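Beneath this line is the structure, given in structure tokens, with notes to follow.
Worth saying up front: this structure is predicted, and the values here are computed from it rather than measured.
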Amino acid sequence: MRIRRLTPIAATAAALLALIPASAQAFKHPGPGGCHVNINVAPREITAGDPVVIFGRLRCRRAVAAGQTVELFHHLRGGPPGFTYVQSVHTDANGFYEFSRADGVVDSNRAWYVLADGARSARRAIRVAAQVTLAGPPEGTQILTGVAGAVTFTGTVSPADVGARVILQRQNAAAGDDWHAIQLGGVVQAGGGFTIRHVFRVPGDANIRVLVRSQGRNVPSPSNLLNYDISQAQNPALTINASADPIPFGQSVTINGILMGGSNKPVTLLARVAGQRGFAPVAQATTNGAGEYAFPAQSPVRSTFYKVAAANHVVCAMATPGVRAPCPGGGGKVSAVLYEGVRDVLTAQVSTSTVQAGGQVTFSGTVSPSHAGHVIYLERRNAIGADFHVAEVGFVNPDSSFSIVHRVYDVGTKVFRVFIPGGPENFGAASETFTVQVTPAPAAALTPESPANSALPSEGGSSHASEEGSPTGEGS
């Protein structure tokens, strides 16, 4: 059998390379004129719809690098094997090139390489999270444990990854980045929607999100966060309420309620914070003639569990001989557990409102009360819609300050904010929004992205876990 020798032809190179499996293109090839071309992708982790900038340089020893055509090829994960042509640009006088908003709308995991003057670059991959939105009761809504307090959450996933698993998660660590599954919520339906109905079993903070596990087209994708206070269902014999919930750090709250049939009776307010064993008395009061009580204003530093106990000075004989029990009218009654959230106070500022593409912007500020080591997010407004997604993950400094240095690459108007997620100690908080204008820059001025410049939040656990195992909650 005679072997046919194939001679490379520039006009057909793109078509031939498109047939080569992705696994065979993990290395780069020089061109015939001693040319080498590199490729950079920024950001390397995005949320669906965010712009991507691809840039690099063609260098040649025996050929001209200026004015050469650079062709971009991509392979979509889960798509047909091999790479396909996307678009072309030309190098500048020094061999630099740039694809601004490369590949149009990028909404799935993919890899790229470029061809220029016979040289082929290495491959560069990008991780793409789906745009996931979660909606539920407005924050501040009184949510109670038990079936009667069941909550319905709805949301959307874009792109609509029909059949992808949706996992309801609850944050469970003081550092703010430890998520565990509390319900396996089903799958994404046609059109990208999902619905989850959940019954909370444990009072305490409920920093809630969903994680969507794609079928390959996207990385595991978290939604926006919702913050709730979960309290026990009321004991009608001794109710407990708060004048405001949650409250900002530094503000006060009044705890009040009614002791049924308990006029002019002493009542005690007991409290504990997450991680503390047992309740301790913090205030005393006396009911009025209608059984109503109100304690002096409380100013908790951390989110706090409260309950009220009525005095038990008298024990009455019941109808059954030898059986003694608390008298009606106040003896020995204990209220449900009320969880009072204390919201962090977050200050933030931005170093500049205008920056050249490839330049750095610094977001800095403080968090009160002290949160050394706590995770904190730099968030960017979604390409579609008014919600935000995480652009970079940082941590609070030992003095409770933070500073997040972020490099931006795509030209246009960008809207950012800083967000500290809540947890057992405090409710989360978001800063005001900051608008940054990113102006064009020559391709030669662009530098590769550092590994920490774009990051997705922790995926957390995806196997179902019982909320009763949470160390933050008081048993139902």
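Atom-to-atom distance recorded for L226:CG and R209:CZ is 12.0 Å, nearest 0.5 angstrom. Distance OH/Y228 to CG/N207: 11.0 Å, rounded to 0.5 Å. Remark: N453 CG to R44 CZ distance equals 8.0 Å, nearest 0.5 Å. Interatomic distance, N109 CG to I46 CD1, rounded to the nearest 0.5 Å: 9.5 Å.
D205 and S303 form no side-chain donor-acceptor contact under 3.5 Å, judged by distance and modelled atom types alone. Side-chain contact check for Q349 and S364: at least one donor-acceptor pair (N or O, by modelled atom type) lies under 3.5 Å. With 3.5 Å as the limit, one finds no donor-acceptor pair spanning the side chains of D344 and H374. Defined by atom type and a distance below 3.5 Å, a donor-acceptor pair is missing between the side-chain atoms of T254 and N256.
In this view, F402 satisfies the ring pair (Phe, Tyr, Trp, His ring centres under 6.0 Å) rule with no residue, not counting sequence neighbours.
Judged by a 6.0 Å distance limit and a 45° cone about the ring axis, R123 is not positioned over the six-membered ring of Y113.
Residues D103 and R110 are paired through a salt bridge, judged by an N-O separation under 4.0 Å between the basic side chain and the carboxylate.
Within 6.0 Å of atom CZ in R381, more than 12 heavy atoms from other residues, nucleotides or ligands are found, so the atom counts as buried in its surroundings.
The shortest non-hydrogen separation linking N38 to V114 is O-CG2, 4.2 Å. Here the shortest heavy-atom pairing between L76 and S108 reads CD2-OG, 4.4 Å. In terms of heavy-atom proximity, D410 sits nearest to P51 at OD2-CG, 3.3 Å. Nearest heavy atoms, L225 versus E139: O-OE2, 4.2 Å.
When ring centroids are compared, F419 and F388 stay outside the 6.0 Å threshold.
The shortest distance between side-chain heavy atoms of T352 and V361 falls below 4.5 Å.
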